Structures are given as C-alpha cells and as structure tokens.
Trainee: 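What follows is a structure written as structure tokens; I'll ask about it next.
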Amino acid sequence: MRSSGRSRAIRAPATGSADRMSTLRLILGDQLSTSIATLRDIDRQADRVLMVEVDEEATYVRHHQQKLVLVFSAMRHFAAALQQEGVQVDYVRLDSASNTGSFSGEVERALQRRHHDRLVVTEPGEWRVRQMMLRWQKDLGIPVEIRADDRFLCSLAAFAEWAKDRKSLRMEYFYRDMRRKTGWLMEGDKPVGGEWNYDRQNRKSLPGGMTLPRRLRFDADEMTRQVMQLVKTRFGHHFGDLESFGWATTRADAQRALAHFISECLAGFGDYQDAMKSGEDFLFHALVSPYLNIGLLDPREVCEAALQAYADGRAPLAAVEGFVRQILGWREYVRGFYWLHMPGYERSNFLDAKRPLPDFFWTGKTDMNCLHEAIDTTRRHAYAHHIQRLMITGNFALLASLAPAEVEAWYLLVYADAFEWVELPNTHGMALFADGGLLASKPYAASGAYINRMSDYCSGCRYSPDKKLGEGACPFNYLYWYFLISKEKQLRSNPRMGLAYRNLSNKPEAEIEAIVAQAEDFLENPGREAAQI
Ligand code: FAD
Ligand code: DLZ
Ligand code: SF4
C-alpha cells in the first residue's frame with residue numbers, strides 16, 4: 001500500500017497527558033548523528049523517533065548491495081543506541097509486513113498508530129526528498145518543521161551569501177574564505193607556510209616497491225549479517241559484491257577507522273593523492289566519505305583530527321592542507337553548489353553527450369586495464385578513490401560523450417558514499433563538464449600519457465599509452481583528440497583550452513582524419529573487446 005497523498009487529517013486520538021506536546025521526529029538513513037537538529041529539544045517521555053527502511057529509497061536507483069547493507073545496518077545500530085539512551089524509537093524494517101515502501105507512507109502510518117502534535121525533520125540531502133517533505137504538512141494535516149542540517153561547516157544561507165554577485169563560483173576562493181572563517185591552518189590572516197594550496201607537491205606517482213599501509217576493515221556483527229541476508233534475498237540482483245563488505249556500521253567503529261587513517265595514512269595522503277596502482281584499492285585515502293555522508297562522523301572532528309596530527313608533528317603541512325581542503329573546501333562547496341543550482345542543474349548537457357553507457361561499466365570486462373581496475377574495485381568495495389572516479393571512469397565518460405543522466409545514475413548507485421547533493425556536482429560538473437563550466441573552469445580531459453604517469457595500469461594493458469593511432473594504440477589517446485575535434489564549437493573559446501587547441505592545430509590533416517576514423521570506429525561499440533575476455 002502506498003500513501004495516497006490526499007489532503008486530510010489522519011491523526012490518531014490523543015492518548016497522552018493533555019498539556020504535554022508530542023513530537024514525531026523522523027530520522028533518515030543519512031542522518032545518523034546524535035547531534036542532528038531533529039533530536040534537539042527531544043522530550044523522551046512524550047516524543048518518538050521514527051526510522052523507516054523503505055523500498056523506494058533502496059530502488060530509486062539500484063544501489064550497490066554494500067551501500068544497502070551499510071545504510072540499513074547503520075540505521076539499525078543507530079536506533080539501538082538511541083533506545084539504550086532511553087529514546088523511544090519506532091523502527092520499521094524493510095521486511096515488516098505492513099511496510100508501505102515510502103517515506104510518505106510510513107510517516108502517515110506512524111501518525112495513524114499514535115497521536116502526535118507535530119512532525120520534526122532535518123532537511124534531506126536530495127531535492128527529490130525535500131519536495132516530498134514539503135507536501136507533508138498539507139497531505140498529512142499536521143504541522144511539519146523542517147530544520148536546517150547544521151552538521152556542515154558552511155550553512156546554505158552562508159554559501160548563498162558567498163555566491164551572491166560572483167560571476168563564477170570557484171572552489172579555491174570559497175575554500176580560502178572557509179580557512180579564514182575557521183582559522184584552520186592560519187597565522188593571523190595569512191595561510192600557514194605562506195601558500196593556500198600545496199597541490200603542486202601532491203602529485204607524485206608511487207615509487208616501485210613502496211610498502212602501503214594496512215587498512216582497517218570491519219567484520220560483520222550479527223546485526224550486519226542479518227541485513228546482509230536481507231539484501232541478498234531482496235536485492236541480490238543489484239550491482240556489486242556483498243561478501244567483501246568491510247565498512248563500519250557504528251560511530252565507534254567509524255571513529256576507529258578515522259584514527260587509523262590519521263596514524264597510518266595521513267602522512268602519505270598528500271604526496272600520493274593522485275596516484276593509482278594495480279590491485280591496491282585504497283592507497284593512502286581516508287575511506288571516511290560513507291561515514292561523513294551518513295552521519296557517523298562529523299566533518300569538524302575529521303578535520304580537527306588531521307590538524308592535531310600536524311600540530312603534533314605526525315603529518316606534514318602539504319598532506320594536512322590537502323586533506324582539510326577536500327572536506328572544508330570541496331565537500332562544503334559541492335553541497336552549497338548543489339542547493340544553489342537545484343532544481344534543473346541535472347538537465348544541462350553543454351557538450352551534447354548522448355552515447356549509452358557501455359556494458360563494461362557493469363561487468364568490468366574490458367581490455368582497457370585502467371577501466372577494468374577502477375570498475376572492479378567499485379564492484380568489490382562500493383568504493384573507488386577520487387582519481388579513479390575522475391580520471392579513469394569520469395575521463396572515459398567525458399571523452400566518449402556518454403549521456404550525463406546515465407553516467408550520473410551509475411555514480412549514484414555504485415558508491416557507498418553517493419547521495420545526490422555530493423554525487424551530482426562531482427559527476428555532472430567536475431567529471432562531465434555538462435554544466436558548461438559552472439563548477440570547473442575546464443574539462444578534466446586527459447590522454448593515456450596522464451594515466452601512464454600516475455599509475456602502473458598501462459604495463460598490464462593490451463594497449464600502449466605510447467601509441468597514438470593504429471592497432472594497439474591506447475583508446476584514451478585518440479579519444480582525447482577526437483573529443484577536442486568534436487567539441488570544438490563548445491570548447492575553443494575557453495581560455496584554459498588554448499594550449500590544447502594550439503596543439504590540435506599543429507596536427508596534419510591526414511592525422512586528424514585518422515583520429516576521427518579510429519575514434520568513431522571505437523565508439524560504435526566500445527565494449528567489443530569484452531567478448532574476447
Ligand atoms: P579522500 O580522498 O581521503 O578525501 C577525504 C574526504 O574529502 C572524503 O572522504 C570526502 O568527504 C571529501 N572529498 C574529497 N573530494 C571531494 C569532492 N570532490 N567532493 C566532495 N567531497 C570530497 N564523494 C562523495 O562523498 N560522494 C559521492 O557520491 C561522490 N561522487 C563522486 C563522483 C565523481 C565523478 C567524482 C570525480 C568524485 C566524487 N566524489 C564523491 C568525491 C571523492 O571522489 C570522494 O569523496 C572520495 O573518493 C571518497 O573517498 P575517501 O573518503 O577515501 O576520500
Ligand atoms: C540510501 C538510503 C537507502 C538505500 N534506504 C533508506 C531507507 O530505507 N530509509 C532511510 O531513511 N534512508 C535511506 N537511505 C538514505 C536516503 O536515501 C536519504 O536520506 C535521502 O536520499 C535524502 O538524502
Ligand atoms: Fe588505460 Fe590506455 Fe593505459 Fe590501457 S594503455 S591502461 S587503456 S591508459
């Protein structure tokens with residue numbers, strides 16, 4: 001049964017004391033923080049927390065099986081922790097017989113079960129859910145208070161104020177303002193060490209034979225095992241492996257993961273932030289985005305842990321600045337950006353990209369070893385690190401002119417940390433340049449030479465990054481030039497593309513013709529080699 005959505009009062013008869021107000025407090029699966037605004041001012045005797053596992057959220061895109069396990073198991077652990085604190089929690093499991101399958105239906109049912117005077121929620125992370133919530137007051141006949149999500153370091157109002165009257169929004173300037181506001185890595189009004197950004201030092205490839213840090217993964221407890229069984233039964237056809245699940249599902253374990261990253265990996269994070277290596281899924285990355293995004297960790301505590309490591313001399317400035325920039329800068333920036341440009345942001349298609357997503361995005365079966373590695377780690381962990389997302393799968397999607405909506409649906413479902421507020425700007429804006437430069441000043445387009453420089457993938461590939469055309473040539477090479485040729489109308493006037501277009505003009509006509517022929521032949525069926533595997 002689904003909520004009819006008609007306007008009516010559906011409140012159960014009052015049962016509590018006449019002068020004590022009762023509030024229903026809805027907590028969503030990415031709001032698992034005891035500091036969440038919804039829980040403030042809770043009256044433990046009179047109020048109830050509502051948490052619901054619903055089919056609609058599990059299937060609006062077919063999330064990776066590990067993402068489903070993470071969200072449901074973390075929800076169940078969070079509910080149990082609240083109950084231990086004496087909070088009354090009304091928890092609806094996915095397999096409960098009367099589950100209506102939607103947020104609206106479950107809120108309606110909770111109001112039928114018990115009398116409440118009002119509903120309190122914290123604003124959600126997706127436009128889709130916000131629109132749903134805005135209808136509840138009228139549809140359910142109860143006052144609904146939607147509170148600001150103040151777990152972020154920059155409020156939406158402060159971001160809108162920063163963005164106002166700016167011709168273009170660039171993360172770097174936002175980040176500098178946030179450094180000034182927080183005082184992090186500042187000496188008075190100057191950045192510590194004299195530079196705002198140490199990225200130039202953060203682009204090393206991994207030296208051969210380097211020992212990489214052991215990563216902390218977590219064994220599934222009984223609660224997680226039950227959820228794994230549920231997911232296997234109901235969503236076993238969704239993308240991704242289940243058995244390799246190793247994510248933390250409680251705040252305590254997420255804090256352990258953070259502490260482990262700070263002590264074992266942060267010092268190497270800066271230098272090797274852009275590096276990639278075959279068979280190494282995590283390198284020096286933090287693996288904290290799923291925890292930040294569902295609320296098990298708070299961005300302030302994550303940044304402060306890194307700042308403390310710098311203060312104690314346990315990590316160099318370039319690493320700590322690089323890490324803090326990802327959270328204080330990028331994470332806050334994309335969230336403000338998303339809400340500023342929604343709705344409608346996802347509809348732009350500046351580069352007129354239309355090709356369907358090749359099948360190997362689901363199977364990982366392709367002779368292009370870099371793509372195989374990035375998709376395979378995604379399948380095994382619901383994770384790939386930033387450079388794999390941007391410069392391997394993202395770069396391919398950009399160069400191959402894949403339809404933004406298909407690529408975005410893929411990114412939203414395959415990663416454990418994917419929620420639209422963070423996934424969409426990164427995919428639509430940063431990786432695909434589909435917004436024509438609202439988020440990034442130029443497309444992140446690269447040939448095989450970049451991938452060869454930053455990884456060891458090419459040595460295990462049937463293609464050669466040194467070969468530009470003909471049999472065995474790396475597809476990224478001719479696709480890169482074909483991209484410039486076919487998108488010239490949109491990109492030539494971009495000042496940051498000047499050098500690329502000057503290089504293109506130096507190419508003889510015969511070479512251009514050969515590039516176009518080979519690229520178009522490849523793009524007709526990019527997955528054709530998979531048949532040989
Ligand atoms: P680290 O590399 O160790 O970085 C530390 C933290 O910084 C991350 O946990 C994350 O919270 C934050 N961060 C870093 N880069 C970004 C960024 N560009 N935007 C926002 N936060 C950032 N991140 C998500 O959280 N959810 C997504 O759905 C998502 N989709 C992406 C799609 C594409 C096409 C690209 C290019 C990037 C995407 N990112 C997304 C950003 C980034 O790739 C991930 O945050 C990062 O890989 C998470 O792994 P980590 O915790 O090991 O990060
Ligand atoms: C991602 C997700 C999934 C798979 N399932 C649920 C759920 O059953 N119940 C719930 O409260 N939240 C879930 N979530 C997270 C929501 O999709 C998320 O809260 C919205 O997208 C708003 O950001
Ligand atoms: Fe990727 Fe090209 Fe290197 Fe193969 S040769 S791994 S396709 S960049």
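Residues: numbered from 1 along the sequence shown. Source: prediction; values computed, not measured. Counting convention: from 1, in listed order, for ligands and their atoms alike. Below, each value reflects all heavy atoms present in this structure, side chains not excepted, and no hydrogens, waters or symmetry copies.
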Trainee: Taking 2.8 Å as the cut-off, does an N/O/S atom of Cys461 lie below it from atom 4 (Fe) of ligand 3?
Mentor: yes
Trainee: Any salt bridge between Lys67 and Asp417, counting N to O under 4.0 Å?
Mentor: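 Salt bridge absent between Lys67 and Asp417.
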Trainee: In plain terms, say whether Glu332 and Arg335 are close enough for a salt bridge, that is, a side-chain N and a carboxylate O under 4.0 Å apart.
Mentor: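 No, no charged N to carboxylate O under 4.0 Å.
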Trainee: Please list the nearest protein heavy atom to atom 15 (C) of ligand 2 with its residue and the distance rounded to 0.1 Å.
Mentor: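 Result for atom 15 (C) of ligand 2: Phe419 CE2, 4.0 Å.
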Trainee: Please list the nearest protein heavy atom to atom 10 (C) of ligand 2 with its residue and the distance rounded to 0.1 Å.
Mentor: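 Result: Gly29 N, 3.3 Å.
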Trainee: Can you tell me the protein heavy atom closest to atom 2 (C) of ligand 2 and the distance?
Mentor: Val71 CG1, 3.7 Å
Trainee: Decide side-chain contact (heavy atoms from CB on, under 4.5 Å) for Thr224 and His77; before the verdict, give the C-alpha distance in whole Å, the side-chain angles of both, and the deciding distance to 0.1 Å.
Mentor: CA-CA 9 Å; Thr224 302; His77 281 94; 3.6 Å; yes
Trainee: Using 30° and 60° as the class limits, which term best fits the ring planes of Phe337 and Tyr345: parallel, tilted or perpendicular?
Mentor: perpendicular
Trainee: Within a distance under 4.0 Å of any heavy atom of Leu68, pick out the atoms of ligand 2 and give their elements.
Mentor: 4 (C)
Trainee: Given the side-chain rings of Phe396 and Phe360, with only the six-membered ring counted for Trp, is the space between their centroids under 6.0 Å?
Mentor: yes
Trainee: Please write down residue, atom name and distance for the protein heavy atom closest to atom 6 (S) of ligand 3.
Mentor: Cys370 N, 3.5 Å
Trainee: Judging by distance only, is a nitrogen or oxygen of Lys67 under 3.5 angstrom from one on ligand 2?
Mentor: no
Trainee: Return the protein residues near ligand 1 (heavy atom under 4.0 Å from any of its atoms), ordered by chain and residue number.
Mentor: Phe269, His285, Ala286, Leu287, Val288, Ser289, Leu292, Asn293, Phe323, Gln326, Ile327, Trp330, Arg331, Val334, Tyr383, Ala384, His385, His386, Arg389, Leu390, Tyr411, Asp417, Ala418, Val422, Glu423, Asn426, Thr427, Met430, Ala431
Trainee: Would you please classify the geometry between the Phe235 ring and the Phe72 ring as parallel, tilted or perpendicular, with 30° and 60° separating the classes?
Mentor: tilted
Trainee: What atoms of ligand 3 come within less than 4.0 Å of a heavy atom belonging to Ile451?
Mentor: 8 (S)
Trainee: Under the 6.0 Å and 45° cation-pi test, does Arg128 pair with Tyr60?
Mentor: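 Checked: cation-pi criterion met.
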Trainee: Does Trp330 use its side chain to pair, donor to acceptor, with the backbone of Arg325 at less than 3.5 Å?
Mentor: no
Trainee: Would you mind running through ligand 2 and noting each atom that sits below 4.0 Å from a heavy atom of Arg128?
Mentor: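 Heavy-atom distances to Arg128 below 4.0 Å select 21 (O).
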Trainee: Among protein heavy atoms, which sits nearest to atom 3 (Fe) of ligand 3, and what does the distance come to when rounded to 0.1 Å?
Mentor: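 The protein heavy atom lying closest is Cys458 SG, 2.3 Å.
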Trainee: Looking only at protein heavy atoms, which one is nearest to atom 2 (Fe) of ligand 3, and how far off is it?
Mentor: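 Residue, atom and distance for the closest contact: Cys474 SG, 2.3 Å.
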Trainee: Given the rule in the ring pair (Phe, Tyr, Trp, His ring centres under 6.0 Å) test, do Trp421 and Phe152 qualify, once you have shown the distances and angles that lead to the verdict?
Mentor: CA-CA 12 Å; Trp421 66 266; Phe152 289 86; 5.2 Å; yes
Trainee: If only atom types and distance count, is the side chain of Glu406 paired as donor or acceptor with the main-chain N or O of Ala403 below 3.5 Å?
Mentor: no
Trainee: As an exercise, identify every atom of ligand 2 less than 4.0 angstrom from a heavy atom of Gly125.
Mentor: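 Taking each heavy atom of Gly125 in turn, ligand 2 has 22 (C), 23 (O) under 4.0 Å.
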Trainee: Between Phe103 and ligand 2, which residue portion shows a heavy-atom distance shorter than 4.0 Å: side chain, backbone, both, or neither?
Mentor: side chain
Trainee: What do we get for Gln31 next to ligand 2 when only non-hydrogen atoms under 4.0 Å count, side chain, backbone, both or neither?
Mentor: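 It is neither; nothing of Gln31 touches ligand 2.
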Trainee: Between Phe174 and Trp162, is the gap from one ring center to the other below 6.0 Å?
Mentor: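 They qualify: ring centres under 6.0 Å apart.
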Trainee: Quick one: are the ring centres of Phe323 and Phe261 less than 6.0 Å apart?
Mentor: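 Distance test on ring centres: under 6.0 Å, yes.
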Trainee: Identify the closest protein heavy atom to atom 5 (N) of ligand 2: which residue and atom is it, and at what distance?
Mentor: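 Result for atom 5 (N) of ligand 2: Glu57 CB, 3.4 Å.
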Trainee: For a quick check under 3.5 Å, do Ser244 and Gln66 share a side-chain donor-acceptor pair by atom type?
Mentor: yes
Trainee: Verify whether the ring centers belonging to Phe284 and Phe269 lie closer than 6.0 Å.
Mentor: no
Trainee: State whether Tyr383 and Arg389 meet the cation-pi test: NZ (Lys) or CZ (Arg) under 6.0 Å from the six-membered ring centroid, and within 45° of the perpendicular axis.
Mentor: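 Yes, a cation-pi geometry holds between Arg389 and Tyr383.
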Trainee: For atom 23 (O) of ligand 2, what is the nearest protein heavy atom, given as residue, atom name and distance?
Mentor: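 Here the nearest protein heavy atom works out to Asp30 OD2, 2.8 Å.
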Trainee: May I ask you to list the atoms of ligand 3 that are less than 4.0 angstrom from any heavy atom of Pro465?
Mentor: 5 (S)
Trainee: Please determine if Ala58 has a nitrogen or oxygen closer than 3.5 Å to a nitrogen or oxygen of ligand 2.
Mentor: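 No.
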Trainee: How close does the nearest protein non-hydrogen atom get to atom 8 (O) of ligand 2, and which residue and atom is it?
Mentor: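 Scanning the protein heavy atoms, the shortest distance from atom 8 (O) of ligand 2 goes to Val54 N, 2.8 Å.
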Trainee: Please list the nearest protein heavy atom to atom 9 (N) of ligand 2 with its residue and the distance rounded to 0.1 Å.
Mentor: Val52 O, 2.7 Å
Trainee: What atoms of ligand 2 come within less than 4.0 Å of a heavy atom belonging to Leu28?
Mentor: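 Going through ligand 2 atom by atom, the ones under 4.0 Å from Leu28 are 11 (O), 19 (O).
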Trainee: Describe, in one word, how the ring planes of Phe282 and His381 are oriented to each other, choosing from parallel (under 30°), tilted (30 to 60°) and perpendicular (over 60°).
Mentor: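 Aromatic pair Phe282/His381 classed tilted.
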Trainee: With heavy atoms of Met368 as the reference, note each atom of ligand 3 found under 4.0 Å away.
Mentor: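 Selected atoms, number and element: 7 (S).
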Trainee: Check this for me: does any side-chain nitrogen of one of Glu53 and Arg76 sit under 4.0 Å from a carboxylate oxygen of the other?
Mentor: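 Looking at Arg76 together with Glu53, the answer is yes, because their closest N to O distance falls below 4.0 Å.
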